[in-house]
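Encoded as structure tokens, the structure appears first; notes follow it.
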Amino acid sequence: LLDFEEVEYIKNGKTLTDLPLDLLAFVLSYCPLNSVLSCMLINKKCYEAITTRKHFWNRYIQEKLKNYLDPKYIGLY
């Protein structure tokens, strides 16, 4: 059972979706893509952050490009 102090903390606590959209998009950009897609389906604010903030997708694109341009992936090693 929860005591009164724990209930007050839960009631007054902040959640990830209390963050501004830009910061939420930044945080979500470090999550695995399948988790991000689940967040989009479950939470409207996550959906908005992911679909309206281009810097969210920039990180994924940079990671993919880095992997494709890595010499061990293009056969130079």
Side-chain angles (χ1 to χ4, degrees):
L1 289 172
L2 297 173
D3 63 7
F4 179 72
E5 290 176 12
E6 290 175 314
V7 172
E8 283 298 308
Y9 174 75
I10 292 169
K11 187 170 75 171
N12 296 327
K14 298 287 184 182
T15 65
L16 188 64
T17 56
D18 291 329
L19 295 172
L21 285 178
D22 286 323
L23 188 54
L24 179 59
F26 178 77
V27 170
L28 289 172
S29 73
Y30 285 88
C31 296
L33 193 55
N34 59 350
S35 297
V36 170
L37 295 176
S38 296
C39 289
M40 285 179 66
L41 295 173
I42 294 171
N43 187 286
K44 289 180 184 179
K45 190 161 183 186
C46 289
Y47 178 83
E48 184 180 359
I50 293 165
T51 57
T52 62
R53 300 304 191 257
K54 68 178 184 176
H55 59 271
F56 169 80
W57 293 107
N58 285 344
R59 184 181 169 287
Y60 279 105
I61 292 168
Q62 289 171 356
E63 280 295 313
K64 288 293 183 188
L65 284 174
K66 186 173 77 173
N67 288 339
Y68 288 129
L69 297 176
D70 189 346
K72 67 181 178 187
Y73 290 110
I74 57 174
L76 295 178
Y77 281 118

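Partners of Asn43 by side-chain hydrogen bond (donor to acceptor under 3.5 Å, both in side chains), not counting sequence neighbours: none found.
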Name the atoms and distances for all side-chain donor-acceptor pairs under 3.5 Å in residues 23-41, with sequence neighbours left out.
from	atom 1	to	atom 2	distance (Å)
Ser29	OG	Phe26	O	2.6
Ser38	OG	Asn34	O	3.2

Identify all side-chain donor-acceptor contacts of residues 49-57 below 3.5 Å with residues at least two apart in sequence or on another chain.
from	atom 1	to	atom 2	distance (Å)
Thr51	OG1	Tyr47	O	2.7
Thr52	OG1	Glu48	O	2.5
Arg53	NE	Asp22	OD1	2.7
His55	NE2	Asp22	O	3.3
Trp57	NE1	Ile50	O	3.1

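Distance check: Lys44 NZ to Thr17 OG1 gives 12.5 Å after rounding to the nearest 0.5 Å.
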